[in-house]
Amino acid sequence: MQPAAEAAKVGRVKLTLVPVVAIAVVIAAGCGGGGSSSSDSSPSPKDWANNLCSAITTWSQSVQKSGQALQSGKVSKDSLKETTGDIKSATQQLADDIKGLGKPDTDAGQDAKNAMDKLSQEIDGDVEEMQKAVDNAGSGAGGAVAAASTIASTLSKMGTQIGTASSQLQSLDAKGELEKGFKDAPACKSLTG
């Protein structure tokens, strides 16, 4: 049986995961979500936004599903490894999808692509951070709780990174081409409505 202090930590970690993912989805709604296209292509703003919204939606659903395992209250190093593996896989797919977006066919298309490339690199670093936390977790519930806490804070950081990328996209979109693309993209409607 866990001491009361460890049980309280597990409870805080469990409560942290759901809002973190929800924040990431809300932040993503400001910019959109993914899929993939050739990095050399120039998709329309609508197609580009649709691909971005699809990627973020798929990622957030995967992370939410994986986070439910940690919410069961039975945080062990093995369950954490499995959950982290699932989150890592979903996050790596998100990074790959973002890399594959290409540049939208807008005046600021290259700048938008550069912002997404930077986000993709940050996400790759986040994946490594989560994996290190699990690899370095000691045995017992205390090590698992510490690693779960690192994963939760890394997911929160990802939400911030997505929000920053969203702000960059908005500042690049002087003509409103991407904004219209996000409004018209079917996959973005699930994020905003």
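Just so it is clear, the model here is predicted, and its values are computed rather than measured.
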Spacing of T154 atom OG1 and M130 atom CE [to the nearest 0.5 Å] = 6.0 Å
Distance-minimising heavy-atom pair for I56 and I162 = CD1-CG2, 4.3 Å
Going from NZ on K132 to CD on E129, what distance comes out if it is rounded to the nearest 0.5 angstrom?
-> 8.5 Å
Sub-3.5 Å donor-acceptor pair from the side chain of W59 to the main-chain atoms of Q93, do we have one?
-> no
With no hydrogens and no angle check, is any side-chain donor or acceptor of D173 less than 3.5 Å from a backbone partner on E179?
-> yes
Kindly give the heavy-atom pair with the smallest separation between A90 and S62, and that separation in Å.
-> CB-CB, 3.5 Å
Between F182 and A49, which heavy-atom pair has the shortest distance, and what is it?
-> CD2-CB, 3.1 Å
Residue pair D117, Q121: steps toward the side-chain hydrogen bond (donor to acceptor under 3.5 Å, both in side chains) verdict | CA-CA 6 Å; D117 287 348; Q121 290 171 351; over 6 Å; no
Transitive ILVMFWY side-chain link L155 to V134, under 4.5 Å | yes
Main-chain N/O of T150 paired with S153 side-chain donor or acceptor, under 3.5 Å = yes
Go through Q110 and N114 one step at a time and tell me if the side chain to side chain contact (heavy atoms under 4.5 Å, CB included) criterion holds.
-> CA-CA 6 Å; Q110 186 60 49; N114 292 345; 2.9 Å; yes
Where is the tightest heavy-atom contact between A187 and S54, given as atom of each residue plus distance?
-> CB-OG, 3.2 Å
Provide the closest heavy-atom pair for T106 versus P45 in the form atom of the first, atom of the second, distance.
-> CG2-CG, 3.5 Å
K118 and Q168 have their tightest heavy-atom pair at NZ-NE2, 4.3 Å
Got a second to check how far D96's CG is from T91's OG1, nearest 0.5 Å?
-> 11.0 Å
Is there a donor-acceptor contact under 3.5 Å from the side chain of S120 to the main chain of M116?
-> no
Quick one: pull up OG1 in T164 and CG in L169 and give me the separation to the nearest 0.5 Å.
-> 11.0 Å
Do any N or O atoms from the side chain of K46 and from the backbone of L178 form a donor-acceptor pair under 3.5 angstrom?
-> no
Interatomic spacing from CG in L119 to CD1 in I98 - rounded to 0.5 Å = 4.0 Å
Rounded to the nearest 0.5 Å, how far does CD of Q92 lie from CG of D124?
-> 5.0 Å
Between M158 and Q161, is a side chain to side chain contact (heavy atoms under 4.5 Å, CB included) present by the stated rule, with each step listed?
-> CA-CA 5 Å; M158 286 178 66; Q161 291 164 339; 3.9 Å; yes
